[in-house]
Amino acid sequence: MSHQITTRLLRTGSPEFDPDTGIAPVSVPTVRTSTVRFANMAVHDEVLRRRRAGERVPSYGRQGMETHQALEEAISLLEHGTRCLLAPSGMAAISFAFLALVKPGDHVLVVDSVYAPVRILERSMLRRLNIEVTYYRPCAGYTSSGEVDTGESAAAISEIGALIRPNTSMIYAESPGSLLFEMQDIPALARLARHHNIPLVIDNTWGSGLLYQPLELGADVSVIAATKYLAGHSDVMMGAVVVRDAELASRLHECHYALGLSVGADDASLVLRGTRTLHVRLSEHERNALRVAEFLQQQPGIKRVWYPALESDPGYRLWKRDCKGANGLLSVTLDTRDEAVARRFVDSLALFGIGYSWGGYESLVSLVESSALAQHSRWCDEGYWLARLHIGLEAVDDLIADIAQAMHAAGLRTA
Ligand SMILES: *Cc1c(COP(=O)(O)O)cnc(C)c1O
């Protein structure tokens with residue numbers, strides 16, 4: 001019988017019963033080791049043979065043992081992939097995917113709403129390696145006059161297609177973006193990538209596997225910052241790269257090996273624990289965020305709410321078509337150009353920690369200056385301040401009351 005993913009996730013890596021006692025722990029033990037021992041040379045040779053044939057058999061500490069393997073299986077399951085490679089952070093996973101898939105002289109298309117540190121990767125490393133990046137406009141969005149503009153997906157795709165050169169070797173996108181939640185038409189991008197025989201790589205941190213499966217939609221590689229919802233408790237950093245295709249898996253594996261990427265067993269264990277409750281946490285984050293988003297939409301002091309699960313959001317149609325749910329992340333354009341007002345709003349929030357990141361149980365806020373959004377072609381509230389909120393697992397009425405009092409304290413009008 002084939003169970004649903006949420007059921008299977010709870011059992012991934014479940015230890016076998018001890019043949020002597022008939023007992024086994026429920027959770028996967030944390031197996032820390034820097035190397036492994038082989039019973040004899042015949043076993044050693046057999047392990048090496050299987051490794052060379054592409055099997056995941058532990059032969060050294062860097063790749064880890066049962067704990068790591070269980071986590072890789074859980075993430076592969078979430079992403080509908082066949083191979084998962086772990087990295088010490090989400091950013092390390094992104095950099096490693098780039099290094100594995102592009103070479104000097106190549107050209108890469110990257111969506112302009114990309115996670116900001118990717119631009120630093122470009123400036124600090126890709127340029128030095130003579131790899132050129134073109135940032136392209138994502139599919140659906142608001143027009144410069146603020147109208148929702150969703151019907152142009154085909155035109156947008158041909159616009160992206162026109163940027164492809166003979167040396168373009170990869171399309172890299174994040175869907176949705178992590179400040180304005182620009183949705184990508186992944187199936188259309190995948191068709192484009194396939195037509196040109198180049199891989200489509202998607203940062204799926206927002207979807208965390210459960211909400212969105214880029215590999216099912218045609219992407220070739222999915223990258224996740226497990227630091228966020230997978231871990232879920234703001235106490236560990238980790239990244240993962242997931243693929244299906246054997247040839248891509250082998251390219252990624254070789255680069256992963258060469259870079260010496262490795263994660264600790266304790267960290268792997270924490271992320272694995274997070275995957276067990278992922279679906280429960282995500283649905284609560286979504287429920288809370290939707291309530292907050294609906295509240296914020298009615299406030300005159302809020303110019304715009306950015307949340308793909310709202311019908312007014314430009315990404316709504318793609319979200320509805322391709323995603324299984326939403327999470328706790330949303331942004332608001334505050335109806336102010338005054339920095340002091342924006343800062344007072346943030347400082348007056350009592351239940352929202354001021355900080356980057358998201359995906360933990362707690363609510364967070366970060367303030368984004370309009371100029372920091374200049375590279376996002378979909379930003380249409382020039383001069384205004386954006387606050388990104390991560391809606392945590394606190395009682396939602398408390399969060400709404402907190403936002404209302406902070407708006408009041410800052411002089412942003414409430415309904
Ligand atoms: C946080 C984040 C990353 C990077 O993950 P780290 O573990 O913090 O390095 C990458 N992509 C997105 C979309 C993120 O939100």
Side-chain angles (χ1 to χ4, degrees), residues 71 75 78-79 84-99 110-122 124-125 135 138 172-184 186 201-214 219 221-242 256 259 261-264 267-268 270-271 274-275 278 282 285 289 306-308 315 319 323 326-331 353 355-360 362-366 368 372-373 375-376 378 386 388-392:
L71 177 59
I75 298 176
L78 276 167
E79 288 282 335
C84 166
L85 295 144
L86 302 174
S89 70
M91 195 56 214
I94 294 172
S95 302
F96 133 62
F98 267 91
L99 293 178
V110 175
V111 69
D112 70 14
S113 56
V114 73
Y115 180 65
V118 173
R119 291 180 186 264
I120 298 175
L121 169 69
E122 186 225 334
S124 65
M125 292 191 64
Y135 294 95
Y172 181 90
E174 181 186 335
S175 185
S178 45
L179 291 175
L180 305 177
F181 314 108
E182 298 92 335
M183 289 292 304
Q184 304 292 304
I186 293 181
V201 181
I202 300 286
D203 180 334
N204 190 32
T205 303
W206 185 95
S208 299
L210 268 191
L211 305 178
Y212 207 8
Q213 283 103 24
V221 181
S222 183
V223 182
I224 283 197
T227 309
K228 308 288 168 55
Y229 282 117
L230 263 54
H233 294 73
S234 303
D235 52 5
V236 60
M237 309 289 301
M238 194 164 316
V241 174
V242 192
H256 187 262
L259 291 171
L261 298 179
S262 181
V263 308
D267 288 348
L270 284 173
V271 177
T275 64
L278 180 65
L282 273 176
H285 280 291
W306 307 81
Y307 188 61
W319 171 80
C323 296
N327 63 23
L329 261 191
L330 57 90
S331 291
Y356 301 110
S357 200
W358 42 274
E362 78 287 14
S363 289
L364 289 169
V365 57
S366 63
V368 186
L373 291 158
Q375 287 157 325
H376 292 235
R378 292 305 178 181
L386 186 88
R388 185 183 72 184
L389 301 173
H390 177 249
I391 306 303

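Whatever order the structure lists ligands and atoms in, that order sets their numbers, starting from 1.
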* Select all protein residues for which some heavy-atom-to-ligand 1 distance is less than 4.0 Å, and list them by chain and number. => S89, G90, M91, I94, Y115, E174, D203, T205, A225, T227, K228, M237, W358
* So, the side chain of R378 versus the backbone of P138: is there a donor-acceptor pair under 3.5 Å, distance only? -> yes
* Can the ring centroids of W206 and Y229 be said to lie less than 6.0 angstrom from one another? -> no
* Counterpart residues, side-chain hydrogen bond (donor to acceptor under 3.5 Å, both in side chains), relative to D267 (two or more places apart) -> none
* Asked: For the atom pair OG1 (T227) and CH2 (W358), what is the distance rounded to the nearest 0.5 Å?
  -> 10.0 Å
* Asked: Donor-acceptor pair, H390 side chain versus S366 backbone, under 3.5 Å?
  -> no
* Structure fact -> Taken to the nearest 0.5 Å, the spacing of I186 CD1 from Y212 OH works out to 3.5 Å
